[in-house]
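Just so it is clear, the structure is predicted and the values come from calculations on it, not from any experiment. Every chain is numbered from 1, with letters handed out A, B, ... down the list of sequences.
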Number of protein chains: 2
Amino acid sequence: MATEDDVLALDNQLCFALYAANRAVTARYRPLLKEIGLTYPQYLVMLVLWQADQDGKTVRVSDLGKRLRLDSGTLTPLLKRLADRDLVTRQRDTADERVVTISSTEKGNALRRQAREIPGRLLCGTGISEQRRVALRDELRSVLSLLETRGEPSGR
Amino acid sequence: MATEDDVLALDNQLCFALYAANRAVTARYRPLLKEIGLTYPQYLVMLVLWQADQDGKTVRVSDLGKRLRLDSGTLTPLLKRLADRDLVTRQRDTADERVVTISSTEKGNALRRQAREIPGRLLCGTGISEQRRVALRDELRSVLSLLETRGEPSGR
DNA sequence: CATAATTATATTGTGCACAATATATATAAC
DNA sequence: GTTATATATATTGTGCACAATATAATTATG
């Protein structure tokens, strides 16, 4: 028998499914990333830096922010921790002193080879097919795009 | 031209799509929840408590942990903040003194009526249909279930 | 019933997220 | 060129997440 408050039932909500699935995936990453000494957000930053290194592009803090949807309050301390471990360099631009350019070091690039094993190992043994993974990823990307382009939630 | 490191391309990864979509959804919740003075994790806790209240069930800290996949390190301070604001009560069980039972107060229940408006407002204006929302939710629930039942990531 | 093992919650410490604000530099308007 | 505005990063403070450990109470074992 449906009650008036079914709209508030936890299991009916997209948001909780998303929240729980996201944490389950990052929890699954955690032991794999620990092998190369990275947290999950640090791993995402290194993915961007590795790709930029490959493409011969430079990456500013604001580029990381746009790509990962993170602000300086998150990135600045995270990047300092990576710099403390010599995985990245932080260099203030001489032409425009507001800008800080981030690069992966040799040591940071050395992790890339090990990291390549990780995506394949992640869903291994879960019975989630590549087709299903790609379909879910694309649907999430599409939803993200709609959420980001369609302005504020209405109702006011 | 595909490179060797496409497996590490940010946009190819399910995990990043999940991470970004989750944060976009909670960001969309934020202003709505602010109207009733809750953070997103606090809202999830209240959803569980409201549902239990309706069903005449009692909720222990460990029940919240199982349902929301959160541990006491997250829940204890969160529940204290809710208790400080008289939205919940924390009562140590007299029969088994290890147990703490959490209940929504009158004041906490009063928020439920306002909260019922929120799910409907959330995706409003995004062009995401109810059918699509339900399909994505169910796929995420299915993936979560597989991640939680299929043991550790292999590769060792 | 004494002791070991288990269970339930709490505490501490680290690392995100994000709002709000600060600081410094650069560009635009006059 | 001086002032106003915008841009880029940093800082501070709050609230999760989660690992590791602690504490206390319960149950199981001998």
> Pick the nucleotide of DNA chain D nearest each of A/Lys66 and A/Tyr19; which residue has the one closer to the 5' end?
Replying inline: A/Lys66
> Considering heavy-atom distances to DNA chain D, does B/Asp71 or B/Thr94 have its closest nucleotide positioned more toward the 5' end?
Replying inline: B/Asp71
>> Can you tell me if B/Gln114 has over 12 outside heavy atoms packed within less than 6.0 Å of its CD?
In response: yes
Starting at [atom1] of [X], measure out to [atom2] of [Y] and round the result to the nearest 0.5 Å.
X	Y	atom1	atom2	answer
A/Thr89	A/Leu79	OG1	CG	10.5 Å
B/Ser104	B/Met46	OG	CE	3.5 Å
B/Tyr40	A/Phe16	OH	CZ	7.5 Å
A/Leu49	A/Leu111	CG	CG	11.5 Å
B/Leu146	A/Arg132	CG	CZ	5.5 Å

> So do A/Ile102 and A/Leu82 actually touch side chain to side chain, heavy atoms under 4.5 Å?
Replying inline: no
>> Can you give me the bend angle of the helix from C/dC1-D/dG30 to C/dC30-D/dG1? Use the axis through the first five pairs and the one through the last five, nearest 10 degrees.
In response: 10°
>> Considering every strand and a 4.0 Å limit on heavy-atom distances, what is the contact class for B/Asp96: base, sugar-phosphate, or nothing?
In response: sugar-phosphate
>> Set out, in order, the CA-CA distance, both residues' side-chain angles and the distance that settles side-chain hydrogen bond (donor to acceptor under 3.5 Å, both in side chains) for B/Thr101 and B/Asp93, then state yes or no.
In response: CA-CA 7 Å; B/Thr101 300; B/Asp93 192 312; 4.7 Å; no
> Between which nucleotides of DNA chain C, read 5' to 3', does contact with chain B run, using atoms under 4.0 Å from its heavy atoms?
Replying inline: C/dT7 to C/dA19
>> Looking at every heavy atom in both A/Arg23 and A/Thr26, which two are closest together, and how far apart are they?
In response: O-OG1, 3.1 Å
> With the threshold set at 4.0 Å, does a side-chain nitrogen-carboxylate oxygen contact exist between A/Asp11 and B/Arg67?
Replying inline: yes
> Looking at DNA chain D, which of residues 72-81 of chain A put a heavy atom within less than 4.0 Å of it?
Replying inline: A/Ser72, A/Gly73, A/Thr76, A/Lys80
> In this structure, which one of A/Leu78, A/Thr74, A/Leu68 forms a side-chain contact (heavy atoms from CB on, under 4.5 Å) with A/Pro41?
Replying inline: A/Leu78
> Where each residue is assigned the nucleotide of DNA chain C containing its nearest heavy atom, which of A/Leu70 and A/Asp93 is assigned the position nearer the 5′ end?
Replying inline: A/Leu70
> When you match A/Gln42 and B/Lys34 each to their closest nucleotide on DNA chain C, which lands nearer the 5' end?
Replying inline: A/Gln42
